[in-house]
Amino acid sequence: MDNITKTIEINHSYILDRIREKIGIDLLEFDHPYDMLTIVINRERIIDLLLFLKNDDVLKFDFLTDICGIHYPQNEGKEIGVIYHLHSLINNIRLRIKTFASAEDPKFLTVTPVFLAANWMERETYDFYGAIFEGHPDLRRILNMDEMHYFPMRKEYPLQDATRTDKPDKYFGR
Amino acid sequence: MNETIQSIPLNYYIVLSSALFCIGILGVLVKRNAIIMFMSIELMLNAVNLLLVAFSAYSQNPAGQTFVFFIMIIAAVEVAVGLAILVMIFRNVHSIDIEKLQNLKW
Amino acid sequence: MLSTYLIVKIVIILVLFLVTLGMAAYSTYGERKVAAFLQDRLGPNRAGPFGLLQPLADGVKMFMKEEIIPNTSDKAIFILGPSIFMVTALLTSAVIPWGPDIHIDGQAYPLQVADINIALLYLFGIVSLGVYGIMLGGWASNNKYSLLGAVRASSQMISYELAMGLSIVGILMYTGSLSLRDIVAQQQGFHWNVFYQPVGFVIFLICAFAEANRAPFDLAECETELIGGFHTEYSSMKLGLFLFAEYIHMFVSSAVIACLFFGGYDFPFIDKLGLSPNVFAVVGVVILFAKIIFFIFFFMWVRWTIPRFRYDQLMKLGWQILIPLGLANIFITGGWLTLKNYLNW
Amino acid sequence: MQQELTNQTNISAGNLPADQKEKLQVQDYNTLNLGPTHPATHGIFQNVLKIDGEKILDAEPTIGYIHRAFEKIAENRAFYQVTVLTDRLNYCSSPINNMGWHMTVEKLLGVKTTKRVDYMRVIIMELSRIADHLICNSVLGVDTGALTGFTYVFQLREKIYDIFEEVCGARLTTNIGRIGGMERDFTSKFWSLLKEFMDEFPKVFKEFDLLFTRNRIFIDRTKNVGGISAERALSYGFTGPNLRAAGVDYDVRVMNPYSSYEDFEFDVPVGDTGDCYDRYLVRNEELRQSYNIIKQAMENMPEGRHYVDVPEFYLPPKQDVYTKMEPLIWHFKIIMGEWPVPVGEVYHPVEGANGELGFYLVSDGGRQAYRLHFRRPCFIYYQAYPELIKGGMLSDAIVTMSSLNVIAGELDA
Amino acid sequence: MILTTFYILSAIAIVCALMVVLSKNPVHSVLYLVTCFFAFSGHYILMNAQFLAVVNIIVYAGAIMVLFLFVVMMLNLNKQNQLDKSNVARLASVIGAGALLLIIVASVKSAELDILGVTQLGELGTVQAIGKELFSTYLLPFEISSVLLFSAIVGAILLGKKEI
Amino acid sequence: MYRSLTAKRKNVSAGQRELTFMERMYLPAILKGMKITIGHLFKKKVSLNYPEVKREFSDFYRGMHVLKRDENGAENCTACGMCALACPAEAITIDAAERKPGEEHLYREEKYAAKYEINMLRCIYCGLCEEACPKDAIYLTERIVPAYYKRKDFIYGKDILVEDINNRVDITKRKQPIKKA
């Protein structure tokens with residue numbers, strides 16, 4: 001099984017080395033929580049990195065598993081994060097990439113040109129966290145209604161709006 | 001049925017047909033909607049048909065009815081092609097107003 | 001003499017009308033029951049024993065329901081649509097010979113509303129008018145799904161009328177008559193046309209399915225795509241008329257199939273039993289109805305078995321397969337008849 | 001010259017009054033709202049189709065009609081309460097979602113489940129995969145117009161739901177299993193029901209197969225409809241049967257085995273063209289494979305307890321809670337969520353009925369997840385829908401939708 | 001009785017024909033025309049031309065008018081698309097058509113039509129009679145008409161196609 | 001096509017034969033299908049005549065709740081609030097009260113639920129309350145919550161939830177079997 005030999009060859013440090021060596025992206029952090037390589041990079045370099053990872057003959061991270069946002073209100077200047085999960089089907093290895101931006105300027109680059117799947121996932125992230133993906137073909141809210149004026153998954157918004165009156169507690173068992 | 005001829009003079013049919021024919025002409029003249037005009041033409045054709053059948057019946061000559069048969073064929077042909085042209089015009093110009101279809105080139 | 005004649009005719013018309021409605025009503029029940037049984041279900045069984053009063057309950061429900069006419073619809077045409085559909089469906093049964101002649105006072109009365117010598121053409125004329133009901137109903141609803149359904153229905157019916165006509169030409173050449181009565185009479189003694197015109201029969205059967213808007217040709221109402229097709233916006237008895245007319249269509253189509261291809265009221269060796277004319281007539285009617293019920297069941301059976309066509313496939317089947325097949329059938333029949341003439345068989 | 005040409009080509013538009021000029025731009029197509037409550041959407045989502053006659057020029061999906069903010073709710077609920085949220089993702093196969101979530105938490109805690117638990121889970125998961133695929137394929141039949149096959153296999157699904165009911169007490173929103181194992185051992189009634197199902201499945205499924213697989217009308221309706229190439233499918237993030245139908249044999253059960261899937265012998269069916277018929281064939285084959293997996297699991301079911309010791313999450317036996325002090329304290333702590341969980345982030349994929357169902361869990365050590373993201377396969381591949389149906393007929397759109405098995409609950413979360 | 005039938009049918013025909021021209025909605029026009037054709041068929045039956053009566057219904061009501069209806073529906077010509085000429089033009093056309101009617105009626109009045117001295121309607125209108133006529137005397141035109149129909153089919157399909 | 005990822009790959013699309021001429025004529029599949037459907041005409045029907053015949057629920061069916069009493073008829077619930085806490089739908093509302101002397105036959109412990117309400121519209125019948133209960137008090141049963149016209153009718157108080165003392169609800173089957181130590 002050549003898959004196995006390859007996974008031995010392509011381990012986490014190899015991926016890191018290769019990324020550094022080939023395109024010299026400045027990896028801010030990396031870690032291996034639960035055996036998945038997690039790297040943090042600058043938000044400007046995400047397209048370069050994804051393009052490289054997708055097209056690289058050895059790594060072949062050709063499957064974008066997931067994009068999701070995250071909000072760390074206490075991390076000043078890096079409140080809004082966007083997390084990409086990549087999967088190299090051939091090598092059967094997964095990779096997590098994180099980028100961060102401040103809440104005031106949550107601008108990221110879209111990866112829709114690299115992976116078509118990113119379209120809606122980025123819209124969802126925008127919908128929930130307000131992360132703005134520059135260059136996105138159609139950055140609108142997707143799950144919430146268009147009239148919504150805030151980004152509900154940010155931590156400052158509680159689960160339930162205490163001020164609403166249309167659903168009295170009496171009828172909802174609270 | 002054989003009493004038809006005795007009770008209805010041929011003139012009646014001629015007047016009826018010409019009236020219908022004139023209504024057809026009226027439609028063609030009044031309307032700007034190409035489809036209605038087309039329908040008026042059908043009406044005129046039918047008026048002629050009626051007259052032909054009447055003549056055929058009153059003269060005991062089957063030729064008239066055969067002509068009607070051929071007119072029907074021609075009407076069908078005309079409608080098929082004519083409506084196809086109309087649809088195509090509508091696709092290009094988005095109107096079937098004949099006033100808008102004046103220019104031959106578009 | 002004339003008065004008895006008139007009375008008999010009126011009785012026949014009335015009975016026929018009631019029987020048609022009754023057959024249609026019980027076809028709805030039958031449809032539900034057959035569908036249920038084919039699908040391991042029980043079907044309607046609440047109203048009356050075995051749910052036999054279900055058509056009545058349905059009718060009452062249809063009448064009691066709120067009458068909704070969409071605001072944006074063309075109201076007159078909206079009402080006209082189902083009416084035309086119903087009337088044309090009912091009209092077709094006029095020319096079908098329901099049984100052998102009945103003898104009263106030594107006088108023979110045909111069990112038929114009108115024996116006109118162009119019965120087949122008449123059938124075609126009426127059937128081709130049925131399109132109006134669907135088209136107008138669908139258009140007047142002012143609903144895109146209805147309109148799509150109407151467009152589908154009309155193009156389908158027009159296309160399949162052609163093939164249907166061609167399939168019958170074979171029979172015409174064979175029997176040399178346009179009168180259904182003659183055609184049935186010629187088939188007496190187990191000379192059923194289906195043995196001489198099998199291809200014509202298959203084409204006619206398929207076209208009958210299409211004309212009655214039954215699966216696999218039920219594109220016009222196609223609940224998964226067009227919600228209800230042309231009757232999406234209809235409710236109450238107007239919907240009832242549409243649905244009812246469909247079953248009447250089915251009933252009449254079955255009757256026409258039985259008359260054209262299965263000898264009408266003929267049954268093998270029935271003429272050898274030496275029954276008295278009136279008993280013979282009754283038996284004939286029963287036999288015809290047995291055939292009709294079988295074909296109605298067949299309609300239902302097919303509907304609950306196979307998927308439906310797509311619009312373009314339907315057109316392709318109609319224009320590229322059935323019409324050439326019908327033409328070939330005419331050719332072969334013509335050649336055969338000429339050969340027969342030539343050899344003086 | 002150039003100007004002249006454009007003048008000439010625009011001459012018809014130039015002659016028209018202003019309001020008709022606008023019409024010219026929009027009237028080349030008609031819009032049709034497919035949904036939100038269209039019978040073929042099998043849920044609530046909308047597609048605004050631009051159609052020309054029956055031909056589809058473009059489509060614009062709008063989703064979110066049943067968005068319930070699961071991810072936000074999950075941030076405010078204890079881990080064991082999230083299971084009921086996962087029920088409502090892909091409600092045709094909720095046990096897979098439940099188990100996936102349990103396994104995610106177990107992964108976070110570093111718990112290794114026993115073979116017995118794994119096998120029990122495999123049986124439940126494959127049953128629910130069968131239920132889901134049966135529904136998808138038979139609804140494909142319904143959407144092509146044949147209802148009867150649907151009713152035949154629906155009986156099988158009812159049997160599966162009876163089995164679920166025997167395990168957990170509910171049929172649709174199962175909330176089956178617990179973090180660390182199953183809530184109770186399989187009963188003897190369960191085994192007899194399962195055996196009955198296993199006996200009946202091949203017979204009924206064969207009938208279903210005969211009704212559709214070689215039926216030309218069905219093939220005409222589904223073949224070369226809604227096809228997608230492997231490259232496009234990968235780029236669109238297709239997973240599961242839909243990706244496999246396009247020719248990529250990616251199956252989480254094989255690539256990243258969880259719950260002892262490596263013990264089982266099964267094939268990964270793939271198609272060639274990724275059209276509706278291939279999706280149908282792949283799902284049918286997966287049904288057989290799932291059936292085989294269940295068979296193997298039944299044969300090789302190890303002895304042992306139906307749960308492992310996860311003192312943080314698995315409730316102590318009720319009898320002890322009522323009578324003993326220590327289990328009672330545990331019980332309280334578990335319900336209150338006072339056990340610390342590790343800080344960290346974990347991504348756990350399972351092969352849901354529709355594809356890779358991923359749980360991305362970020363834990364800050366508290367009672368609740370800091371962030372829980374569901375990778376919902378439907379949500380990701382549904383964005384390819386406009387491309388799949390473009391240029392097809394209206395009927396193709398319906399068939400494609402049902403063969404993609406888009407489930408609104410999973411789509412909107 | 002026959003005469004009454006004639007009057008009723010004629011009244012229907014003329015009223016419906018007028019309504020074809022006068023009604024605002026093209027769909028209504030189509031329906032009126034269909035009714036008009038039914039009146040025509042009634043006339044044919046009066047004159048013992050059953051074949052033509054049925055063919056009239058099949059061809060005109062069942063096919064041609066359905067085609068019209070089809071096109072009207074497809075093009076979605078609603079009331080707002082209803083187009084009429086200016087009042088002057090309308091008046092002129094009414095006068096013109098009326099004048100034409102007058103002339104025809106006047107000329108018919110003076111014409112002597114007694115030359116057609118037939119008093120009995122034969123079996124002219126049956127299928128057999130027409131068929132015999134068609135396949136003997138008018139065989140060539142009949143065959144040519146099939147060519148005409150064929151070319152019409154081809155032409156309509158070619159025209160109807162979006163891109164050739 | 002895409003490179004194979006596993007050895008378990010099995011192409012089902014290529015395995016399908018081309019349609020034979022007969023199959024292209026639609027008929028064999030239709031006839032086969034009709035044979036199957038007609039076969040079902042005579043099979044045993046699976047649907048039940050619902051109000052008269054009811055399907056058997058499993059022993060663990062999660063339906064309407066019941067608040068149990070102990071063998072003396074005293075309410076088990078001690079208003080600890082575990083069920084309300086565990087409820088993911090927040091359907092349970094509890095107000096606790098102290099048991100007064102002389103009420104021992106009514107309430108088993110010193111504390112009891114003065115108000116115990118479950119909003120059946122919110123309830124998702126997940127069974128977590130039953131699992132969370134440390135006092136053997138709340139159980140889901142195989143009874144089904146009926147439909148009402150008003151929202152407030154769905155809020156079940158103690159009058160409905162607590163089992164009738166003369167008409168006990170049997171939940172022995174759903175209790176966990178006692179483990180042998």
Side-chain angles (χ1 to χ4, degrees), chain A residues 3 31-36 38 54 62-72 74 81 83-85 87-96 98 112-125 127-129 138 140-146 148 152-155 157-160, chain D residues 60-69 71-77 104 107-108 110 231-239 243 248-250 252 254-256 342-349 356 358-362 364 370-376 379-384 387 411-413:
Chain A
N3 275 356
D31 196 7
H32 316 272
Y34 294 93
D35 218 23
M36 192 197 269
T38 303
K54 184 186 180 188
D62 51 0
F63 191 75
L64 177 67
T65 306
D66 195 16
I67 296 177
C68 68
I70 196 162
H71 185 213
Y72 290 109
Q74 68 279 18
I83 300 161
Y84 301 82
H85 284 86
H87 193 175
S88 167
L89 295 183
I90 302 260
N91 304 316
N92 196 10
I93 191 161
R94 288 171 193 268
L95 173 62
R96 185 182 294 136
K98 295 182 174 183
T112 313
V114 190
F115 293 106
L116 291 166
N119 189 333
W120 279 19
M121 294 195 264
E122 284 176 354
R123 277 175 72 181
E124 191 193 19
T125 311
D127 192 358
F128 286 164
Y129 288 95
D138 181 27
R140 285 179 295 132
R141 287 187 182 272
I142 185 161
L143 292 178
N144 291 310
M145 55 195 183
D146 292 334
M148 208 172 201
M153 284 289 281
R154 292 194 182 179
K155 288 283 176 189
Y157 299 107
L159 176 62
Q160 271 149 344
Chain D
E60 165 74 44
T62 310
I63 63 169
Y65 286 91
I66 61 162
H67 174 52
R68 294 145 296 177
E71 293 180 4
K72 190 75 180 177
I73 297 175
E75 288 177 12
N76 292 276
R77 292 281 187 277
T104 312
K107 198 168 173 181
L108 180 76
E231 279 69 30
R232 294 292 280 184
L234 278 177
S235 186
Y236 266 123
F238 273 50
T239 41
L243 179 67
V248 184
D249 51 349
Y250 170 58
V252 184
V254 179
M255 302 278 280
N256 306 91
V343 180
E345 49 190 319
V346 52
Y347 177 81
H348 183 71
E356 178 176 335
F359 297 88
Y360 175 52
L361 171 63
V362 181
D364 61 350
Y370 184 79
R371 169 87 171 104
L372 174 59
H373 178 71
F374 304 110
R375 184 211 187 268
R376 292 139 14 230
F379 174 74
I380 293 168
Y381 67 63
Y382 183 57
Q383 54 190 310
E387 183 179 312
L411 193 64
D412 289 351

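Below, chains carry the letters A, B, ... as their sequence lines are ordered, and counting in each starts from 1.
- Proximity to chain A involves both the backbone and the side chain of D412(D), based on heavy atoms less than 4.5 angstrom apart.
- At a threshold of 4.5 Å between non-hydrogen side-chain atoms, the residues R94(A) and P349(D) count as touching.
- T239(D) has its side chain out of reach of H87(A): every pair of non-hydrogen atoms, C-beta onward, lies at least 4.5 Å apart.
- Heavy atoms of Y382(D) lying under 4.5 Å from chain A belong to its backbone as well as its side chain.
- For chain D, the nearby part of M36(A) is the side chain; its heavy atoms alone come within less than 4.5 Å.
- Residue contact with chain A, scored on non-hydrogen atoms closer than 4.5 Å, is absent for Y65(D).
- Proximity of Q383(D) to L116(A): side-chain heavy atoms (C-beta onward) are nowhere separated by under 4.5 Å.
- Of the atoms belonging to E356(D), it is side-chain heavy atoms, and not backbone ones, that fall under 4.5 Å from chain A.
- With a 4.5 Å cut-off on side-chain heavy atoms, Y72(A) and V362(D) count as touching.
- For I73(D), the parts lying under 4.5 angstrom from a heavy atom of chain A are both the backbone and the side chain.
- Contacts between I66(D) and chain A at a heavy-atom distance below 4.5 Å are absent for every atom of the residue.
- Only the backbone of I67(A) comes within contact range of chain D, with at least one heavy atom under 4.5 Å from a heavy atom of that chain.
- Residues Y34(A) and E345(D) come closest through the heavy atom pair CD1-O, 3.2 Å.
- By the salt bridge (Lys or Arg N to Asp or Glu O under 4.0 Å) test, K72(D) is found to be paired with no residue, residues two or more places apart in sequence or in another chain being considered.
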**Study point:** Test side-chain contact (heavy atoms from CB on, under 4.5 Å) applied to E71(D) and C68(A), step by step
**Key:** CA-CA 11 Å; E71(D) 293 180 4; C68(A) 68; over 6 Å; no
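- Using a 4.5 Å cut-off between heavy atoms, Y347(D) contacts chain A through both its backbone and its side chain.
- Heavy atoms closer than 4.5 Å to chain A are found in both the backbone and the side chain of Y236(D).
- For chain D, no part of R141(A) is nearby; none of its heavy atoms comes within less than 4.5 Å.
- In this structure, chain A has a heavy atom under 4.5 Å from the side chain of R376(D), while its backbone stays farther away.
- Of all heavy-atom pairs spanning L89(A) and M255(D), the tightest one is O-CE, 3.1 Å.
- The ring pair (Phe, Tyr, Trp, His ring centres under 6.0 Å) search around Y157(A) returns Y150(A), not counting sequence neighbours.
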